[in-house]
Amino acid sequence: MSELLKPGDAAQVLEAVRWAAASEKPLEVLGGGSKRGLGRPNHAGHRLDLTALSGVSLYEPEELVLTASAGTSLGEIQAMLAQQRQQLAFEPPDLADLYGGDGEQTIGGVLAANLAGSRRIKAGAARDHLLGVKGVSGRGEEFKSGGRVVKNVTGYDLCKLMAGSFGTLAAMTEVTVKVLPAPEKTRTVLAFGLADEAAVAALAQAGGSPHEVSGLAHLPAAVAARSAVSYVNGANAAVTAVRIEGPAPSVAHRTGALREQLAAVGAVEELHGSNSAALWREVGAVAGLLPDTGAVIWKVSVPPIDGPAVARRVLAEGGEGYYDWAGGLVWLALPPSDDAGADLVRGAVAAVARGGDGGHATLMRAPEAMRGAVEVFQPPIPALAALQGRIKEAFDPLGILNPGRMYP
Amino acid sequence: MRMPEPDAQVLADRAGLVEALRRIVPGEGVIADDIELRAYESDGLTAYRQTPLAVVLPASVSQVAEVLRLCETRGTKVVPRGAGTSLSGGALPLADGIILGLGKFNRILEIDYENRAARVQPGVTNLAISQAVDHQGFYYAPDPSSQIACTIGGNVAENAGGVHCLKYGVTTNNLLGLEMVLLNGEVIRVGGKHLDAGGYDLLGLLTGSEGLLGVITEVTVRILKKPETARALLIAFPSIDAAGDCVAKVIGAGIIPGGMEMMDKRATEAAEAFCHAGYPLEAEALLIVELDGPQAEVDHLIDRVREIADGCGASSLRASENEEERLQFWAGRKAAFPAVGRISPDYLCMDGTIPRNRLPEVLTRIAELSVKHGLRVANVFHAGDGNLHPLILYDANAGELAAAEAFGADILRLCVEVGGVLTGEHGVGVEKRDLMGVMFSEEDLNQQQRLKCAFDPSGQLNPGKVFPELHRCAELSQMHVHQGQLKFPDLPRF
């Protein structure tokens, strides 16, 4: 019989995991379930729903720190931060349109998936903002790591390990995150009509400037046409976007300098306020910018300069894509196929790899059967796979937490 | 300092070990001469010394792998070492172990400006990376004060910080990739020039693991374009409270300075006497706030911080008007440790982190502890991120080391009590090892050791560091399943 376990506090989470361990019943660990479509299909019979672990227990704006129960809704936290003109600087994207469903993102879910938006290039990923964590391991034991201060090297950094582990090591019960001031002003400079390679070269130049850019994206013409921002969809051309954030006088100065830099390669335009915010929201949300006709969607992370070469190889037979992270993050939509295009995409990533440092490709959206048939996450080399297996065993020797979500 | 009991068998066959090491690393790469070994008997924490069995300085990844395999087979312990600048004893040798020195791994392998990355060997110094990219206007952000000498491999092992990490992050936030060798000789690469490699975040886990998980043989770091300009404010306050208030208000105003440092009266006096930086000696607390970025931003923020400082009752305030003046403001702070070294025969540098707003209270209690232990203390503080460096002044020749250590332990307990941690950037090593129980429960520490077992099941990599009690992996992996207790009546089910 399948059960839904909905603990109301950390002690009940402990009890639930102990029950599962004692009876060797695998658990699907989840928050709002908004990203259930990410990862390999979960066959756990029982669900451990953490959304009742909710609430912010500590928020000290001047200390730049916030502690919340893992199931607290991200929206609630963001609203609280906005009141103090602060934010989660890693810019967690809202993937609701990518996965459908009405589940609300939780802070624990965002961290467990280590998702970050366009500001990743400047501010780091979710993993860089997780200062402390409490959780229950698959052994049915409570543990904590980190703390509430930014500078901390006391013991192994288990926060990094929890971020991106998709609930396969522990059920997080409480997290402490670093928060940062929201920018006083934001501007986005657009350049029109650049081919992918030229665009990524321009983004590299902007990223290598002293102007502390906080977003570097490129949308080929067909992708730009789907934007809801009129300056972007009306361009009838590819759109390259550079975001500048900070105090007003600084933003004015840097925007001017970057406009000049980009004007050397194409026509430019400037987005303010809500248009700028809308564009970067779309870039993070993915679904609205890519064709939705049953496409499978891949996320590829490579050295930024290699983005266009990967995209060209993958898209030779059809499909569409766009770039974030200065070209280093490539979102690809492919027509459905037997292997979801896994060989094609991973082959293209391998082709640009040099000296053993390739990139990686994650199958972000595909029908469930396909996600069960191909590797969703980049398959590691055998020595690394064995090490990851031993790490999993160190936390969850019985394999009861989200079994198979990351690797078979 | 209590260290793991040396293995008599390993001690007995030192000659055999040296011979086997020489077969892997020929010539001068193996040091076994007792006098030459003395150079390796301690690291930056000079209070503890131990001669290792031998020192091996491999020159290639395959030599590192072979040395590790040999040690695994022979049951020999291995202590990895970069430049040996650790302040926590991370590279303190073991009587029945070798030092594996990475000094020959001193090449910069690749600089890639387009991808804003540099791939270097672990023995390259922190500063050398910045120097190698300086001509193109780039730099590597983390800047520990030992940056002239300390190596990037050591920085990774300790997750080193520096004065600019409030804005630019510590080592872990500035790494892109690593290559490491496990004790069994397996070579593993994680990350690269791309971001957020899939799978478990081994890059993050290895950073700050203090040489207990693997030996790092290559590091890829992110490089940044240097800010257009930087200016500093030198602000004096009549009380620690007022200075702390100013720090909180600067951050509360949404300003993240490039650096924000505080010194108490004793540290200020010592620094001024040492290098005549022009510090106001009447100040109870001195604050250096550095803003960096475009000129327009820096000038704007200097004015805002000036207003905030005035509102907090600053007794004097100077803004640097040129680069020379900015460096002069910093000169005293950067020389604070040697300056304190001049006013005392010996000093211990502590490294706790506290929530910033507890600073006045913590400094008051440190002053009380100073009276209790009969030793003076000077306080230097990375005010922006709460990392406190109390310098305990003592005289080892007068038998004051034990009192200084007890004072230090009290300070670290205090840091944990107010919501902080034992170490912000120096590492646990042997120095804070026995205090780990103040911050972590036995279950917390057992879980960390289970991770070590995943990398080093025989416990041969740098044992005796970080963990106060060592357990066998077989013992740690046992589970006490609560059989027969399957009801769990309180659990909400649907």
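Lettering follows sequence order; numbering is per chain, from 1. Both backbone and side-chain heavy atoms feed into the values below; hydrogens, waters and symmetry mates do not. The model shown is predicted, which means the values in this text are computed figures rather than measured ones.
- Looking only at heavy-atom pairs under 4.5 Å with chain A, the residue among B:Gly420, B:Cys453, B:Gly424 that has the most is B:Gly424.
- Here A:Glu142 is the residue among A:Gln84, A:Glu142, A:His211, A:Met162 with the most heavy-atom pairs under 4.5 Å with chain B.
- Using a 4.5 Å cut-off between heavy atoms, B:Met439 contacts chain A through both its backbone and its side chain.
- Formation of a donor-acceptor pair under 3.5 Å by the B:Glu114 side chain with backbone atoms of A:Ile305 is not found in this model.
- Only the side chain of A:Glu184 comes within contact range of chain B, with heavy atoms under 4.5 Å apart.
- Ion pairing between a basic and an acidic side chain is recognised when a charged N comes within 4.0 Å of a carboxylate O; B:Arg116 and B:Asp112 show no such pairing.
- Taking B:Ala253, B:Gly208, B:Ser441, B:Ser209 one by one and counting their heavy-atom pairs under 4.5 Å with chain A, the maximum is reached by B:Ser209.
- Within the 4.5 angstrom heavy-atom criterion, no atom of B:Val250 approaches chain A.
- Using a 4.0 Å cut-off between charged nitrogen and carboxylate oxygen, B:Arg356 and A:Glu62 do not count as a salt-bridge pair.
- Neither the backbone nor the side chain of A:Gln378 comes within contact range of chain B, judged by heavy atoms closer than 4.5 Å.
- Interface remark: of the candidates B:Ile251, B:Val298, B:Val466, B:Ile251 forms the most heavy-atom pairs closer than 4.5 Å to chain A.
- B:Asp196 has a carboxylate O that lies under 4.0 Å from a charged side-chain N of A:Arg120, or vice versa, which qualifies the two as a salt bridge.
- Using modelled atom types, no side-chain atom of B:Asn115 and backbone atom of B:Ala117 make a donor-acceptor pair closer than 3.5 Å.
- A:His253 and B:Gln295 share no side-chain donor-acceptor pair at under 3.5 Å.
- Contact of B:Glu228 with chain A is made through backbone and side chain together, with heavy-atom distances under 4.5 Å.
- Between the side chain of B:Thr423 and the backbone N or O of B:Gly427, at least one donor-acceptor pair lies under 3.5 Å.
- Heavy atoms closer than 4.5 Å to chain B are found in both the backbone and the side chain of A:Pro304.
- Looking at A:Thr154, both its backbone and its side chain come within 4.5 Å of chain B, counting heavy atoms on both sides.
- Between the side chain of B:Gln448 and the backbone N or O of A:Gly155, no donor-acceptor pair lies under 3.5 Å.
- Ranked by heavy-atom pairs under 4.5 Å with chain B, the first of A:Gly8, A:Gly207, A:Ala257 is A:Gly207.
- When the candidates A:Asp128, A:Val150, A:Ile121 are compared by the number of heavy-atom contacts under 4.5 Å with chain B, A:Asp128 comes out ahead.
- In terms of non-hydrogen atom pairs under 4.5 Å with chain A, the most contact-rich of B:Ile188, B:Asn357, B:Asn174 is B:Asn357.
- B:Lys465 and B:Glu210 are not joined by a salt bridge, as no carboxylate oxygen comes within less than 4.0 angstrom of a charged side-chain nitrogen.
- Taking the charged nitrogens against the carboxylate oxygens, A:Lys185 and A:Glu245 have no contact shorter than 4.0 Å, which rules out a salt bridge.
- Relative orientation of the A:Trp19 and A:His46 rings is perpendicular, given thresholds of 30° and 60° on the angle between their planes.
- Looking at A:Arg47, neither its backbone nor its side chain comes within 4.5 Å of chain B, counting heavy atoms on both sides.
- A salt bridge is absent between A:Glu3 and A:Lys25: the closest approach of a Lys/Arg side-chain nitrogen to an acidic carboxylate oxygen does not fall below 4.0 angstrom.
- Per-residue counts of heavy-atom pairs under 4.5 Å with chain B were compared for A:Asp157, A:Leu161, A:Leu203, A:Asn114; the largest is that of A:Leu161.
- For a residue to count as touching a neighbouring chain, one of its non-hydrogen atoms must lie under 4.5 Å from one of that chain's; by this rule B:Asn387 touches chain A with the side chain only.
- Salt bridge present: B:Lys167 and B:Asp292 bring a charged side-chain N and a carboxylate O closer than 4.0 Å.
- When each of B:Phe138, B:Tyr113, B:Tyr168 is scored by its heavy-atom pairs under 4.5 Å with chain A, the top score falls to B:Phe138.
- Contact annotation for B:Leu422: both backbone and side-chain heavy atoms come within less than 4.5 Å of a heavy atom of chain A.
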Determine whether A:Glu141 and A:Arg18 satisfy the following criterion, salt bridge (Lys or Arg N to Asp or Glu O under 4.0 Å), listing intermediate values before the conclusion.
CA-CA 8 Å; A:Glu141 290 165 358; A:Arg18 282 190 173 162; over 6 Å; no
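- For A:Lys144 and B:Glu443, the salt-bridge test fails: no basic side-chain N is under 4.0 Å from an acidic carboxylate O.
- When each of A:Val302, A:Leu329, A:Thr362 is scored by its heavy-atom pairs under 4.5 Å with chain B, the top score falls to A:Val302.
- Neither the backbone nor the side chain of B:Leu206 comes within less than 4.5 Å of any heavy atom of chain A.
- No part of A:Phe166 comes within reach of chain B, as not one of its non-hydrogen atoms sits under 4.5 angstrom from that chain.
- Contacts between A:Arg127 and chain B at a heavy-atom distance below 4.5 Å involve the side chain alone, from C-beta outward.
- For B:Glu179, no part lies near chain A; criterion is any non-hydrogen pair under 4.5 Å.
- The parts of B:Tyr200 that come within reach of chain A are both its backbone and its side chain, each placing non-hydrogen atoms under 4.5 angstrom from that chain.
- With a 4.5 angstrom heavy-atom cutoff, B:Glu442 does not touch chain A via any of its atoms.
- Panel note: side chain B:Arg450, backbone B:Leu476; a donor-acceptor pair is recorded below 3.5 Å.
- Comparing A:Glu212, A:Arg85, A:Lys122 by how many heavy-atom pairs each has under 4.5 Å with chain B, the most go to A:Glu212.
- Ring-plane geometry between B:His426 and B:His389 is classed as parallel, the angle between the planes falling under 30 degrees on a 0 to 90 degree scale with a further cut at 60.
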Going through the checks in order, is the ring-ring contact (aromatic ring centres under 6.0 Å, His included) test met by A:Phe143 and B:Phe440?
CA-CA 9 Å; A:Phe143 68 95; B:Phe440 294 113; over 10 Å; no
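- Only the backbone of B:Ile354 comes within contact range of chain A, with heavy atoms under 4.5 Å apart.
- Contacts of A:Lys392 with chain B are made by both backbone and side-chain atoms, with heavy-atom separations under 4.5 Å.
- Both the backbone and the side chain of B:Leu205 come within contact range of chain A, each with at least one heavy atom under 4.5 Å from a heavy atom of that chain.
- Of the atoms belonging to A:Leu64, heavy atoms from both backbone and side chain fall under 4.5 Å from chain B.
- The line from OG of A:Ser145 to CG of B:Asp444 is 8.0 Å long, rounded to the nearest 0.5 Å.
- For A:Gln205, no part lies near chain B; criterion is any non-hydrogen pair under 4.5 Å.
- Chain A forms the most heavy-atom pairs under 4.5 Å with one residue out of B:Ile223, B:Leu301, B:Thr207, B:Thr353, and that residue is B:Thr353.
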